[in-house]
Amino acid sequence: MLIILNGNAREIEISHLRNILLRGGSQFKEVNFMGENIFLLFNGTPHIAREEIMKTGIVKKILDIKHPFKLSSREFKSETSVILVGSVAIGGSEPVIMSGPCSVESEKQIWEIAAEVASKGAHILRGGIYKPRTSPYSFQGLGVEAAKWIGSAGKYFNLPVVSEVMEINDIETLYSYVDIFQVGARNMQNFKLLKELGRTNKPILLKRGNSATLNEFLMSAEYILSEGNGDVILCERGIRTFVEYTRNTLDLNIIPAVKGVSHLPIIIDASHATGRCDLVNPVTLAGLTAGADGFIVEVHPRPAEAFSDGEQSLDFNQFGQLIEDWKLIREPVLALRNKQSAKRIKVA
Ligand code: PEP
Ligand code: MN
């Protein structure tokens with residue numbers, strides 16, 4: 001149950017409501033979200049009678065949301081959230097293009113890639129600074145030096161930067177160089193990290209864990225939202241299946257499924273989903289056709305020499321081809337997006 005307060009509720013009245021809930025044995029969290037003061041009552045604790053809550057005179061509305069996720073649900077907010085990063089809108093009418101290397105390897109490398117992807121129309125520059133690697137003996141990222149390089153390349157080419165934070169300390173280190181904090185698949189349920197990111201004022205790119213269900217994915221988003229930060233961009237990056245010919249399997253289903261129940265934008269990452277550069281382009285286009293709000297791809301000038309994820313990185317020609325192919329289907333895909341979002345608004 002969500003209790004949304006009137007904007008003019010006074011502290012003394014709020015404290016009265018708090019006491020009613022506590023006396024009744026309810027546990028709850030007080031959240032300031034999208035301009036609203038909300039009491040979120042916890043599952044499993046007694047819910048107080050609506051009449052008693054309404055009697056306080058400070059309640060705008062009470063929402064009983066059927067999903068386990070609340071603030072990210074369309075029942076809470078029916079229109080898709082549009083997240084602004086500089087002049088880039090994520091979740092609006094135009095799908096967003098994020099690209100760059102798996103890892104920032106040198107100043108020269110990131111500037112070369114930034115120049116290329118900017119000239120081809122990318123909106124956001126990606127690049128790993130801290131790398132979560134399966135093996136402790138694989139390249140682990142260059143840390144704060146790399147942050148400075150990607151930060152200045154991004155500024156120069158007017159591309160906001162997205163990069164992964166692996167632990168709470170990384171937030172402060174990267175804060176002035178990075179515009180979107182990425183949470184990697186391996187950290188999707190690092191709840192302490194998610195809560196800390198929820199207290200920042202930067203957008204979060206939340207990747208789906210490789211065996212996470214839709215509910216688990218959105219509950220992780222909820223950890224960020226319930227700390228006050230509503231700017232969460234979901235990312236489907238493939239799940240673990242029995243197939244052996246790709247690194248993961250892109251779960252295309254989750255795109256329309258998320259769109260049906262949540263207002264958060266969702267993008268796709270066919271690089272990590274396939275692990276194969278020859279499959280990245282068709283799978284990316286499939287994701288856009290299914291309604292994704294954008295895509296993220298790994299790009300490297302010489303993939304064979306990449307420090308990480310070379311097999312799945314597009315070279316400059318392949319990236320150019322992807323952008324050309326996207327332009328071929330862009331108009332009908334945009335028409336489809338408009339039609340589907342109009343239908344959603346009507347249903348809501
Ligand atoms: C990455 O983006 O380079 C990465 C490690 O992604 P994921 O967390 O999806 O594996
Ligand atoms: Mn990678």
Could you tell me if N190 and Y223 have a donor-acceptor pair between their side chains, going purely by distance under 3.5 Å?
no
Would you say the rings of F217 and F69 are close, in the sense that their centroids are separated by under 6.0 Å?
no
How long is the span from the OG1 atom in T200 to the OH atom in Y175, to the nearest 0.5 Å?
6.5 Å
Testing the basics here: between I53 and I3, what is the closest heavy-atom pair and its distance to 0.1 Å?
CD1-CD1, 3.8 Å
Is there a path from I113 to W111 through hydrophobic residues (I, L, V, M, F, W, Y) whose side chains come within less than 4.5 Å of each other?
yes
State whether the number of non-hydrogen atoms from other residues, nucleotides or ligands found under 6.0 Å of F191 atom CZ is greater than 12.
yes
Yes or no on side chain to side chain donor-acceptor pair (under 3.5 Å) for Q321 and D325, after CA distance, side-chain angles and deciding distance?
CA-CA 6 Å; Q321 194 61 55; D325 292 351; 3.2 Å; yes
CA sep, side-chain torsions, deciding dist, call: N229, R199, side-chain contact (heavy atoms from CB on, under 4.5 Å)
CA-CA 6 Å; N229 185 351; R199 296 182 196 122; over 6 Å; no
Same cluster or not: I329 versus F319, using hydrophobic residues (I, L, V, M, F, W, Y) connected whenever any side-chain heavy atoms lie under 4.5 Å apart?
yes
So, for W149 and Y177, is the gap between ring centers shorter than 6.0 Å?
no
Might you confirm whether atom NZ of K61 has over 12 heavy atoms from other residues, nucleotides or ligands at distances under 6.0 Å?
no
Under 3.5 Å donor-acceptor pairs involving side-chain atoms of residues 255-274, not counting sequence neighbours:
| residue | atom | partner | partner atom | Å |
| --- | --- | --- | --- | --- |
| K259 | NZ | D293 | OD1 | 3.3 |
| K259 | NZ | D293 | OD2 | 2.6 |
| S262 | OG | S72 | O | 2.7 |
| S262 | OG | L264 | N | 3.1 |
| H263 | ND1 | S81 | OG | 2.8 |
| H263 | NE2 | L71 | O | 2.7 |
| D269 | OD1 | S271 | N | 2.9 |
| D269 | OD1 | H272 | N | 2.9 |
| D269 | OD1 | H272 | ND1 | 3.4 |
| D269 | OD2 | K207 | NZ | 2.6 |
| D269 | OD2 | H272 | ND1 | 2.7 |
| S271 | OG | E298 | N | 3.0 |
| H272 | NE2 | E298 | OE2 | 3.1 |
| H272 | NE2 | D309 | OD2 | 3.1 |
| H272 | NE2 | Q312 | NE2 | 3.3 |
| T274 | OG1 | A270 | O | 2.8 |
| T274 | OG1 | R276 | N | 3.2 |
| T274 | OG1 | R276 | O | 3.3 |

Once rounded to the nearest 0.5 Å, what's the spacing between atom CG of L322 and atom NZ of K120?
10.5 Å
For the pair T80 (side chain) and G91 (backbone), establish whether a donor and an acceptor sit closer than 3.5 Å, ignoring hydrogens and angles.
no
Can you hop from L125 to V88 via hydrophobic side chains spaced under 4.5 Å?
no
Treating Q109 as the side-chain partner and E105 as the backbone partner, does any N or O pair qualify as donor plus acceptor under 3.5 Å?
yes
Side chains of L205 and V162, heavy atoms from C-beta outward: is any pair under 4.5 Å?
yes
Would you check if the side chain of S163 reaches a backbone N or O of G127 as a donor-acceptor pair within less than 3.5 Å?
yes
Please report the interatomic distance OG(S220) to CD1(I204), rounded to the nearest 0.5 Å.
12.5 Å
Is the shortest distance from a Lys or Arg side-chain nitrogen in R18 or E11 to a carboxylate oxygen in the other one below 4.0 Å?
yes
List for me each residue that meets ring-ring contact (aromatic ring centres under 6.0 Å, His included) alongside F316, sequence neighbours excluded, and say none if there are none.
none
Looking only at atom types and distance, does a side-chain atom of E112 sit under 3.5 Å from a main-chain N or O of A114, one as donor and one as acceptor?
no
To the nearest 0.5 Å, what is the distance between CD1 on I323 and CG on L314?
9.5 Å
Are F295 and W326 near enough that their ring centres are under 6.0 Å apart?
no
Single-linkage hydrophobic cluster I20~M54, side-chain heavy atoms < 4.5 angstrom
yes
Step-by-step side-chain contact (heavy atoms from CB on, under 4.5 Å) determination, I150 to I129:
CA-CA 9 Å; I150 194 172; I129 294 163; 3.9 Å; yes
Taking Q340 for its side chain and R337 for its backbone only, find out whether a donor-acceptor pair lies under 3.5 Å.
no
Can you check whether R302's main-chain N or O pairs, donor with acceptor, with H300's side chain at less than 3.5 Å?
yes
Salt bridge check: are E216 and R208 linked by an N-O gap of less than 4.0 Å?
no
With a 4.5 Å cut-off on side-chain heavy-atom distances among I, L, V, M, F, W and Y, is there a chain of contacts connecting L22 to L41?
yes
Please check if the side chain of D315 supplies one atom and the backbone of Q318 the other of a donor-acceptor pair under 3.5 Å.
yes
Can you confirm whether K195 is buried at NZ, in the sense that more than 12 heavy atoms of other residues, nucleotides or ligands lie under 6.0 Å from that atom?
no
Using the salt bridge (Lys or Arg N to Asp or Glu O under 4.0 Å) rule, collect all pairs that involve residues 148-171, keeping only residues at least two apart or in two chains.
E145-K148
Would you find more than 12 non-hydrogen atoms of other residues, nucleotides or ligands less than 6.0 Å from N158 atom CG?
no
Hey, does the side chain of H123 reach the backbone of I97 with a donor-acceptor pair shorter than 3.5 angstrom?
yes
Does a side-chain heavy-atom distance below 4.5 Å link L194 with L206?
yes
Using a strict 4.0 Å threshold on nitrogen-to-oxygen distance, state whether R74 and E79 make a salt bridge.
no
Sub-3.5 Å donor-acceptor pair from the side chain of K70 to the main-chain atoms of H67, do we have one?
yes
Got a donor-acceptor contact below 3.5 angstrom from the E13 side chain to the R10 backbone?
yes
